[in-house]
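To start, the structure under review is shown below, and the notes come after it.
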Number of protein chains: 2
Amino acid sequence: MESLVMYLCRQNTLKMRVISRLGEYGLRALMYMAAQKNESTYFNIRLMSQELDISFHFLTKILQGLTQRGLLQSYRGPHGGIGFLVPPEQITLATVVKALEGEDFFHNCLLGLPGCGERQPCPMHVFWAELRERLRTEFETTTLADLGTQTLEQHLRLKA
Amino acid sequence: MESLVMYLCRQNTLKMRVISRLGEYGLRALMYMAAQKNESTYFNIRLMSQELDISFHFLTKILQGLTQRGLLQSYRGPHGGIGFLVPPEQITLATVVKALEGEDFFHNCLLGLPGCGERQPCPMHVFWAELRERLRTEFETTTLADLGTQTLEQHLRLKA
DNA sequence: CATATTTAAGATAAAATACTCTTAAATATT
DNA sequence: AATATTTAAGAGTATTTTATCTTAAATATG
């Protein structure tokens, strides 16, 4: 097993991860779906997983969660798939992220200090509260449809 | 073992984690040290771990990493401990976070999209680049000494 | 009705992260 | 010199996250 020091030494190339893999994959799939405005109803998960280079089963799980939360609807059997229950024009990034990452997503202390809040703000509280608020606002005013541009395809389709 | 769906259902109360535990604990310890301006030289790790409610061995490891990176110096034996090599007035949050989380900490794509960058910006790129830049700037202009206020003690000392 | 297709659900496995334990090395004190 | 104290280093464990595998349920098609 790798020692912690080695581990500590190794991780000099890691990036900040605001959204977990779950959230990233879920968002990518929804963005992919929203980008194909025309072919409305049901998208094939396997095809989607191949185009987005995400594990089929893992993606299925993630989308299943979004179905259970009422964002998506699924249809089994031949020509089945997964589709929007609510039109992508009405789904904000905040909704998706909160569904996948948790309702309290935007309620964190930047430094993870115990007991930090309005009553006992930590030294970074005010600064972070403002920045986080802008993030939240952006996520709440941006819909999946907003992201469905040509720019998008460059990033969603790895294989193309 | 817990099923993924259970797991997906459960995590509805999770918060965004910008900094990992490693970074949080390291920062907390350094803030604690910087707050005691007077007693300068060496801090006892065990005492610190008790006051901050962080595992002693884990904290030792983390500080060890910071020592190896030249931010701290250690002294073994009775009355030994860990202390600043560079004065806390000269250590920025960015330095600490990059040492603990990785040099590329501030170089992420918000949506984790493959290939996102200046040449192929994703739909959120410009927005996030600006917000992230403000975060980076704040971290680079805030020193450990800046955080050593009375406010701080409320959060650092769990037991008190 | 039989079969193929597709998502649902549950269990399992692998990897990453978080944390613990044991021993070694350094240093002070007696 | 012997002992106690304290960090260093390595190995080990636990938990969480990420990913895979297998079987079940639903539905279309022949």
Side-chain angles (χ1 to χ4, degrees), chain A residues 1-11 13-15 17 19-26 28-29 41-50 52-69 72-83 85 100-102 112, chain B residues 1-11 13-15 17 19-26 28-29 41-50 52-69 72-83 85 100-102 112:
Chain A
M1 229 302 241
E2 186 184 41
S3 80
L4 183 57
V5 171
M6 277 302 100
Y7 160 66
L8 283 163
C9 287
R10 177 171 54 74
Q11 68 167 5
T13 58
L14 296 186
K15 301 181 179 184
R17 176 176 293 283
I19 299 172
S20 77
R21 280 274 159 77
L22 222 71
E24 286 180 6
Y25 290 172
R28 265 164 76 183
T41 43
Y42 291 109
F43 293 87
N44 182 292
I45 300 183
R46 186 169 293 278
L47 176 62
M48 203 157 39
S49 75
Q50 285 163 356
L52 297 177
D53 196 31
I54 299 172
S55 145
F56 166 67
H57 287 106
F58 196 39
L59 184 57
T60 299
K61 285 289 181 206
I62 294 169
L63 296 176
Q64 192 181 326
L66 291 174
T67 301
Q68 289 166 348
R69 286 188 181 75
L72 298 176
Q73 63 185 144
S74 67
Y75 198 83
R76 301 184 191 183
H79 311 116
I82 200 113
L85 187 56
L100 289 169
E101 306 274 353
Chain B
M1 228 304 241
E2 185 184 41
S3 80
L4 184 59
V5 171
M6 278 299 102
Y7 161 68
L8 282 162
C9 288
R10 175 172 55 76
Q11 68 166 4
T13 60
L14 295 186
K15 301 180 180 184
R17 177 176 292 284
I19 299 173
S20 77
R21 280 274 159 76
L22 222 71
E24 286 181 6
Y25 290 172
R28 265 163 77 183
T41 41
Y42 290 109
F43 293 86
N44 183 291
I45 299 182
R46 186 169 294 278
L47 176 62
M48 203 157 40
S49 76
Q50 285 163 357
L52 297 178
D53 197 32
I54 299 172
S55 147
F56 165 67
H57 290 289
F58 197 38
L59 185 56
T60 299
K61 283 292 181 204
I62 294 169
L63 297 176
Q64 193 180 327
L66 291 175
T67 302
Q68 290 166 346
R69 284 186 183 77
L72 299 176
Q73 63 185 141
S74 68
Y75 197 85
R76 299 185 190 183
H79 311 116
I82 201 115
L85 187 57
L100 289 169
E101 305 273 355

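Each chain gets a letter, A, B and so on, in the order the sequences are listed, and its residues count up from 1.
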I want to check one thing: is the phosphate of [N], taken as OP1 and OP2, less than 4.0 Å away from some side-chain N or O of [X]?
X: B:S74; N: D:dT6; answer: no
X: B:S55; N: C:dT20; answer: yes
X: B:Y25; N: C:dC19; answer: yes
X: B:S20; N: C:dT17; answer: no
X: A:Q73; N: C:dT7; answer: no

Atom [atom1] of [X] to atom [atom2] of [N]: distance rounded to whole Å?
X: B:E24; N: C:dT17; atom1: CD; atom2: P; value: 14 Å
X: B:R46; N: C:dC21; atom1: CZ; atom2: C1'; value: 12 Å
X: B:N44; N: D:dT7; atom1: CG; atom2: C1'; value: 10 Å
X: A:R69; N: C:dA8; atom1: CZ; atom2: P; value: 14 Å
X: A:L59; N: C:dT6; atom1: CG; atom2: C1'; value: 14 Å
X: A:L63; N: C:dT7; atom1: CG; atom2: P; value: 9 Å
X: B:I62; N: C:dT20; atom1: CD1; atom2: P; value: 11 Å
X: A:F58; N: C:dA13; atom1: CZ; atom2: P; value: 18 Å

Next on the checklist: Taking the minimum atom-to-atom distance to the side chain of A:F56, which one of C:dT7, D:dT7, D:dA8 wins?
Outcome noted: C:dT7

Item to check | Partner of B:Y25 under side chain to side chain contact (heavy atoms under 4.5 Å, CB included), chosen from B:L52, B:L63, B:I62 | outcome: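 Running side chain to side chain contact (heavy atoms under 4.5 Å, CB included) over B:L52, B:L63, B:I62 with B:Y25 returns exactly one hit, B:I62.
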
Checklist entry - Ignoring hydrogens and geometry, is there a side-chain-to-backbone donor-acceptor pair from A:R28 to A:E24 under 3.5 Å? => result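 Pair absent, no side-chain N/O of A:R28 close to backbone of A:E24.
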
Is there any protein nitrogen or oxygen under 3.5 Å from a nitrogen or oxygen in nucleotides 21-23 of chain D, and what are the pairs?
{"unit_1": "D:dT22", "atom_1": "O4", "unit_2": "A:H57", "atom_2": "NE2", "d": "3.4"}

Detail all sub-3.5 Å separations between protein N/O atoms and N/O atoms belonging to nucleotides 27-30 of chain D.
{"unit_1": "D:dT27", "atom_1": "O3'", "unit_2": "A:Y75", "atom_2": "OH", "d": "3.2"}
{"unit_1": "D:dA28", "atom_1": "OP1", "unit_2": "A:Y75", "atom_2": "OH", "d": "2.2"}

Item to check | Nearest-0.5 Å distance, CD1 of residue A:I45 to OG1 of residue A:T60 | outcome: 4.0 Å

Checklist entry - So B:F56 and B:Q50, side-chain contact (heavy atoms from CB on, under 4.5 Å) or not? Walk me through it. => result CA-CA 7 Å; B:F56 165 67; B:Q50 285 163 357; over 6 Å; no

